[in-house]
Amino acid sequence: MNHTLDIKTAGIPLKEAQKVLIMIHGRGGSAEDILTLSRHLNVKDYALMAPQASNHTWYPYSFIAPAEQNEPWLSSAVDIIGKTVKKAVDEGIKSENIYFFGFSQGACLTMEYISRNAQRYGGAVAIIGGLIGDKINSENYKGDFEGTPVFLGTSNPDFHVPVERVYATANILREMNAEVTEKIYENFGHSINQEEIEWANSIIFK
């Protein structure tokens with residue numbers, strides 16, 4: 001299955017914006033749902049773009065399943081994020097003014113996309129997610145983040161995302177010259193907490 005490009009928007013019109021936030025929803029979620037989170041972020045002067053996964057799922061199996069089991073959905077999902085980024089770039093938005101916010105499956109997809117396409121971005125927030133695959137294939141990840149700030153927040157334990165994968169993801173991003181902040185919340189559950197929002201605003205959306 002391939003995803004169809006379907007981008008929901010909010011905030012400032014893209015043609016008028018200088019900054020763009022791309023928001024990526026989780027399994028079973030929707031673009032409209034994750035866009036509502038923006039009211040808690042310091043992004044009033046941003047264009048907001050949220051691609052919608054077909055059938056509300058970016059890929060069918062766990063993100064730590066062998067990557068080939070999640071194909072062709074996974075490659076299509078990464079491509080959809082790339083096309084969303086391209087829409088912003090085509091309107092004159094520089095990469096250093098493109099930001100990302102992903103939750104759960106969307107956080108995994110966020111990490112996967114930016115690590116495959118590392119450059120200076122405005123910043124990225126990934127709540128409960130990490131790089132995809134039963135093993136991390138570092139050959140997939142190339143480029144230099146040039147100090148891009150990244151915030152990783154997660155619960156320990158989390159039913160879907162082992163904390164060890166979050167740590168491993170943080171280490172790879174640091175090797176690629178990202179400025180990574182990670183926060184682990186004991187027994188918080190599979191959701192976003194207020195402190196994570198505050199960290200995102202203080203580190204990324206300043």
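Each residue takes its place number in the sequence, starting with 1.
Expressed to the nearest 0.5 Å, how far CD1 of Ile81 lies from CG of Asn117 amounts to 11.0 Å. Distance CG/Leu41 to CD/Glu198: 11.5 Å, rounded to 0.5 Å. Within the model, atoms CG of Leu5 and NZ of Lys83 stand 6.5 Å from one another, a figure rounded to the nearest 0.5 Å. Expressed to the nearest 0.5 Å, how far CG of Asn2 lies from CG of Asp79 amounts to 8.5 Å. Between the CG atom of Leu152 and the CH2 atom of Trp199 there is a distance of 12.5 Å, given to the nearest 0.5 Å. Ile128 CD1 to Asn156 CG: the interatomic distance, rounded to the nearest 0.5 Å, is 11.0 Å.
Two residues are said to be in side-chain contact when any heavy atoms from C-beta on lie closer than 4.5 Å; Met111 and Leu173 meet this criterion. Side-chain contact between Pro51 and Ile22 is present, with heavy atoms from C-beta onward closer than 4.5 Å. The side-chain heavy atoms of Met23 and Leu35, taken from C-beta on, include a pair separated by under 4.5 Å. Inter-residue side-chain proximity for Phe63 and Val161 is flagged as met; some heavy-atom pair is nearer than 4.5 Å. Arg174 places a side-chain heavy atom less than 4.5 Å from the side chain of Glu182. Residues Tyr185 and Glu196 are in side-chain contact: their nearest non-hydrogen atoms beyond the backbone lie under 4.5 Å apart. Phe188 is not listed as a side-chain neighbour of Asp158, based on a closest heavy-atom distance of 4.5 Å or more. Residues Leu48 and Thr9 form no side-chain contact, since every pair of their non-hydrogen atoms from C-beta on lies 4.5 Å or further apart.
Nearest heavy-atom pair, Gly129 versus Cys108, reported as atom, atom and distance to 0.1 Å: CA-SG, 3.7 Å. Residues Asp6 and Lys8 share a closest heavy-atom pair of OD1-NZ, 3.3 Å. When every heavy atom of Thr110 is checked against every heavy atom of Ala124, the shortest pair comes out as CG2-CB, 4.4 Å. In terms of heavy-atom proximity, Ala67 sits nearest to Asp134 at N-OD1, 4.3 Å. Here the shortest heavy-atom pairing between Ile203 and Pro149 reads CG2-CB, 4.0 Å. Annotation for Ala50 and Ile34: closest pair CB-CG2, 4.2 Å, computed over non-hydrogen atoms.
The aromatic rings of Tyr113 and Tyr121 are tilted relative to each other, their planes meeting at an angle between 30° and 60°.
Side-chain N or O atoms of Ser115 include none that pairs as donor or acceptor with a backbone N or O of Glu112 at under 3.5 Å. Between the side chain of Arg27 and the backbone N or O of Gly106, no donor-acceptor pair lies under 3.5 Å. Between the side chain of Arg39 and the backbone N or O of Thr36 there is at least one donor-acceptor pair closer than 3.5 Å. His25 contributes a side-chain N or O that, together with a main-chain N or O of Ala53, makes up a donor-acceptor pair within less than 3.5 Å. Side chain of Asn137 to main chain of Glu139: a donor-acceptor pair is present (N/O by atom type, distance under 3.5 Å, no hydrogens or angles). Judged by distance alone, the side chain of Thr169 and the main-chain N or O of Leu131 form a donor-acceptor pair under 3.5 Å. Judged purely by atom type and a 3.5 angstrom limit, His3 has no side-chain atom pairing as donor or acceptor with the backbone of Ser76.
The list of side-chain hydrogen bond (donor to acceptor under 3.5 Å, both in side chains) pairs with a residue in residues 59-71, not counting sequence neighbours, reads Glu71-Ser75.
The only member of Ile132, Val78, Ile80 that meets side-chain contact (heavy atoms from CB on, under 4.5 Å) when paired with Trp58 is Ile80.
The aromatic ring centroids of Phe205 and His40 lie 6.0 Å or more from each other.
A side-chain donor-acceptor contact under 3.5 Å links His190 and Ser104. Between the side chains of Tyr46 and Gln18, no donor N or O sits under 3.5 Å from an acceptor N or O.
No single ILVMFWY cluster, assembled from side-chain heavy atoms under 4.5 Å apart, contains both Ile12 and Val43.
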Check your understanding: Do Asp144 and Met176 pass the side chain to side chain contact (heavy atoms under 4.5 Å, CB included) test, and can you show the C-alpha distance, the side-chain angles, and the key distance before you say yes or no?
Key -> CA-CA 5 Å; Asp144 187 334; Met176 298 173 71; over 6 Å; no

Check your understanding: Does the side chain to side chain contact (heavy atoms under 4.5 Å, CB included) test come out yes or no for Val20 and Met49, once each step is laid out?
Key -> CA-CA 7 Å; Val20 171; Met49 305 174 72; 3.7 Å; yes

Practice item. Check step by step if side chain to side chain contact (heavy atoms under 4.5 Å, CB included) holds for Glu179 and Thr181. Key: CA-CA 7 Å; Glu179 292 289 336; Thr181 301; over 6 Å; no

What donor-acceptor contacts under 3.5 angstrom involve side-chain atoms of residues 92-100, with partners at least two apart or in another chain?
residue: Ser95; atom: OG; partner: Gln119; partner atom: OE1; Å: 3.3
residue: Ser95; atom: OG; partner: Arg120; partner atom: O; Å: 2.9

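A salt bridge does not link Glu91 with Lys87: every distance from a Lys NZ or Arg NE/NH1/NH2 to an Asp or Glu carboxylate oxygen is 4.0 Å or more.
Around the CD atom of Glu32, the shell of radius 6.0 Å holds more than 12 heavy atoms that belong to other residues, nucleotides or ligands.
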